[in-house]
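Okay, so here's the structure we're looking at.
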Amino acid sequence: MTTSSQEPTPFLPDERGEMLQALAEQRELLLITVRDLTDDEASQRTTVSDLTLGGIVKHLARGEHAWAQIMALGDGELPQGMLEAEQYRMTDGETLAGLIEQYAAAARTTEERVAALPDLDGRVPLPRTPWSPPEPVHWSARRILLHLIRETAQHAGHADIIREALDGANTTAQRD
């Protein structure tokens, strides 16, 4: 994750680096959307959805941490809190700055774990969820990174709509 005060994603000279760079770009777009918000604004609902900007940052931080754990441990165990609905809400006592730091920490963990892989071909079992098929499912590290890129891009789009409804700002107009 990069901001004016953070270092860019470390470059890896192969597909791992390309995937991490694509993910970092999506994270950056999301962070533009929450730029200059107060905690109150970040926790406000602005559409019929229950999603808030702080809730999206929190969900992506927790989700990325969980997927990095799945990729690294490869034990098929469900990471703690992965299915909890609370991960979508900015709760009392949480700050946007704190959630952004959690997101940055999750990004660093993902980058470290991907850098430690010899390649993206290794497959791991996915945790069982209520919507899982009856047979075990395995994903490669590549597929997990593609999922994180898609998930981040999708929620960055949600965030843009929520921000525009909040104060008229949008990511395109705020890009440096």
Side-chain angles (χ1 to χ4, degrees), residues 1-3 6-31 33-34 49-91 94-159:
M1 191 164 344
T2 60
T3 66
Q6 295 175 327
E7 294 298 312
T9 301
F11 179 74
L12 295 170
D14 57 17
E15 181 185 22
R16 294 170 303 152
E18 296 277 340
M19 297 287 261
L20 288 174
Q21 184 59 41
L23 180 55
E25 289 167 5
Q26 293 306 311
R27 289 187 203 112
E28 182 64 23
L29 290 173
L30 176 77
L31 291 177
T33 308
V34 299
S49 169
D50 284 335
L51 288 175
T52 67
L53 294 167
I56 289 172
V57 173
K58 181 178 179 177
H59 165 63
L60 287 173
R62 290 200 179 173
E64 188 161 334
H65 178 77
W67 281 105
Q69 181 178 334
I70 291 166
M71 183 172 38
L73 298 181
D75 60 8
E77 295 295 318
L78 187 67
Q80 184 177 0
M82 187 171 179
L83 303 182
E84 291 176 3
E86 181 256 283
Q87 70 175 299
Y88 295 94
R89 289 187 286 281
M90 188 173 168
T91 59
E94 290 181 319
T95 65
L96 181 59
L99 295 173
I100 290 171
E101 181 47 45
Q102 289 175 28
Y103 195 29
R108 287 188 299 273
T109 298
T110 298
E111 291 162 1
E112 290 165 3
R113 290 184 173 169
V114 170
L117 298 172
D119 57 46
L120 299 178
D121 294 330
R123 299 174 67 80
V124 297
L126 297 188
R128 300 271 312 142
T129 62
W131 53 86
S132 293
E135 66 280 347
V137 176
H138 292 77
W139 278 6
S140 67
R142 179 180 299 103
R143 174 84 183 265
I144 290 172
L145 285 171
L146 288 170
H147 174 75
L148 286 172
I149 292 166
R150 184 206 52 81
E151 181 85 357
T152 305
Q154 177 180 351
H155 286 305
H158 295 150

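Sequence positions, counted from 1, serve as the residue numbers for this chain.
- Every residue two or more places apart in sequence or in another chain that forms a side chain to side chain contact (heavy atoms under 4.5 Å, CB included) with Ala159 is listed here: Leu30, Thr33, Leu53, Ile56.
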task: Could you check Arg142 against Asp121 for salt bridge (Lys or Arg N to Asp or Glu O under 4.0 Å), going step by step and ending with a plain yes or no?
output: CA-CA 7 Å; Arg142 179 180 299 103; Asp121 294 330; 2.8 Å; yes

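- Taking each heavy atom of Glu94 and Arg89 in turn, the nearest pair found is OE1-O, 3.6 Å.
- Arg123 contributes a side-chain N or O that, together with a main-chain N or O of His138, makes up a donor-acceptor pair within less than 3.5 Å.
- Atom CD1 of residue Ile70 and atom NE2 of residue His65 lie 10.0 Å apart, to the nearest 0.5 angstrom.
- Judged by distance alone, the side chain of Arg62 and the main-chain N or O of Val57 form no donor-acceptor pair under 3.5 Å.
- The aromatic rings of His59 and His155 lie perpendicular to each other, with more than 60° between the two planes, well past the 30° mark.
- What you find for Ala141 and Leu117 is that their closest heavy atoms are CB-CD1, 3.6 Å.
- Ala106 and Glu64 make their closest contact through O-OE2, 3.7 Å (heavy atoms, listed as atom of the first residue, atom of the second, distance).
- Here CZ of Arg27 is found 10.0 Å from CG of Leu60. Values are rounded to the nearest 0.5 Å.
- Contacts of Glu77 classified as side chain to side chain contact (heavy atoms under 4.5 Å, CB included), with partners at least two apart in sequence or in another chain: Asp75.
- With sequence neighbours left out, Gln26 forms a side chain to side chain contact (heavy atoms under 4.5 Å, CB included) with Leu29, Ile149, Thr152, Ala153.
- Atom CD of Gln80 has 12 or fewer neighbouring heavy atoms from other residues, nucleotides or ligands inside a 6.0 Å radius.
- In this structure, the separation between CE on Met19 and CZ on Arg16 is 12.0 Å, given to the nearest 0.5 Å.
- Looking at every heavy atom in both residues, Ala66 comes nearest to Pro79 through O-CG, 3.7 Å.
- Atom CH2 of residue Trp139 and atom NE2 of residue His147 lie 5.0 Å apart, to the nearest 0.5 angstrom.
- To the nearest 0.5 Å, atom CG of residue Asp14 and atom CG of residue Leu20 are 9.0 Å apart.
- Between the CG atom in Leu145 and the CG atom in Leu120 there is a gap of 6.0 Å [rounded to 0.5 Å].
- Within 6.0 Å of atom CD in Gln154, more than 12 heavy atoms from other residues, nucleotides or ligands are found, so the atom counts as buried in its surroundings.
- Between Pro130 and Leu83 the shortest side-chain heavy-atom distance falls below 4.5 Å.
- Residues Gly63 and Gln87 come closest through the heavy atom pair N-OE1, 4.4 Å.
- Between Val124 and Gly74, the shortest heavy-atom distance links the atoms CG1-CA, 3.6 Å.
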